[in-house]
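Worksheet: one structure, shown below.
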Amino acid sequence: MKIFLDTANIELIQKWAHTGLIDGVTTNPTLLSKEDGNPTVAILTICEMLPLGVISVEVTEKEPEAVYMQARKIAAFSHNIAVKIPCHPHYYTVIKKLIEEGITINITLVFSLTQGLMMAKLGAHYISPFVGRLDDIGSNGIELIHHLRHMLDWNGFETELLAASIRDTTHFEKVIMAGADIATLPVPVFEQSLNHQLTDKGMEQFAQDWKKLNISRFP
Ligand code: E4P
């Protein structure tokens with residue numbers, strides 16, 4: 001299973017990029033708006049930090065033709081870009097054309113099984129269902145991940161299931177069990193998922209007990 005970081009913060013990405021745990025980064029206009037500096041420079045920097053990773057960058061244009069042109073320009077930033085396009089009927093034609101041209105597409109703002117099916121039929125490389133935002137409106141985000149997994153497998157689609165809008169480690173654990181190909185994690189969730197209080201407690205106990213032996217060299 002792949003792990004992406006859900007942030008546009010260069011320092012945080014830098015901190016984890018070389019650990020071997022991070023397979024990519026997802027950005028969106030909101031995440032980029034939280035950072036200082038030029039978004040293009042930030043994106044280019046992130047692409048260089050993770051040359052083997054996949055970096056998702058979202059279109060900001062609205063009209064389909066403008067989205068098409070912008071998607072091509074974003075894709076030209078780097079070999080490892082996935083262009084994020086919202087799952088909206090306005091863009092189906094554009095999405096199909098971009099995929100046919102060989103541009104890697106990540107369909108964002110996916111909220112239903114039928115939306116996911118339509119995008120897989122177009123040949124999208126990634127679909128991004130938003131777990132947390134579905135929970136926010138009283139729907140079941142995790143259940144959608146299970147349903148999408150079944151639909152993709154049943155039909156033999158190669159589209160990768162990218163679980164997004166992950167709010168905590170419980171979400172993360174549930175999307176692992178639901179068979180998501182990728183989880184994109186806010187950095188605090190990623191960091192929290194590396195820790196457990198019993199690991200800390202166990203290490204402390206082992207260290208204390210070892211001291212009792214009063215051995216100066218081992219082995
Ligand atoms: C990632 O692709 C999404 O943009 C992101 O996970 C959205 O998460 P949010 O619902 O917490 O904003």
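Here the structure is a predicted model, which means the values were calculated and not measured. Remember, it's 1-based here, ligands and their atoms both numbered in the order they're listed.
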Residues joined to Phe206 in its hydrophobic cluster, side chain to side chain under 4.5 Å directly or through other members, sorted by chain and number, are none

Taking N or O atoms only and a 3.5 Å limit, does [X] qualify as a polar contact for ligand 1?
X: Ser128; result: no
X: Thr27; result: no
X: Asn28; result: yes

So, [X] versus [Y]: side-chain donor-acceptor pair below 3.5 Å or not?
X: Glu101; Y: Tyr68; answer: yes
X: Thr7; Y: Asn9; answer: no
X: Glu191; Y: Asn195; answer: no

Does the distance from a Lys or Arg side-chain N to an Asp or Glu carboxylate O, for Arg133 and Asp136, drop under 4.0 Å? no

I'd like to know if Lys96 and Glu100 make a salt bridge, using a cut-off of under 4.0 Å between side-chain N and carboxylate O. yes

Which residue owns the protein heavy atom closest to [atom], what's the atom, and how far is it?
atom: atom 5 (C) of ligand 1; answer: Asp6 OD2, 3.1 Å
atom: atom 7 (C) of ligand 1; answer: Phe130 CE2, 3.5 Å
atom: atom 8 (O) of ligand 1; answer: Ser165 CA, 3.4 Å
atom: atom 11 (O) of ligand 1; answer: Arg167 NE, 3.4 Å
atom: atom 2 (O) of ligand 1; answer: Lys84 NZ, 2.7 Å

Could you check whether any side-chain heavy atom of Ile22 comes within less than 4.5 Å of a side-chain heavy atom of Trp16, counting everything from C-beta outward? yes

Between Glu58 and ligand 1, which residue portion shows a heavy-atom distance shorter than 4.0 Å: side chain, backbone, both, or neither? neither

Does some non-hydrogen atom of Thr108 fall short of 4.0 Å from ligand 1? no

Arg133: numbered ligand 1 atoms lying under 4.0 Å from its heavy atoms: 7 (C), 9 (P), 10 (O), 12 (O)

Test side-chain hydrogen bond (donor to acceptor under 3.5 Å, both in side chains) applied to Asp153 - qualifying residues, sequence neighbours left out: Arg149

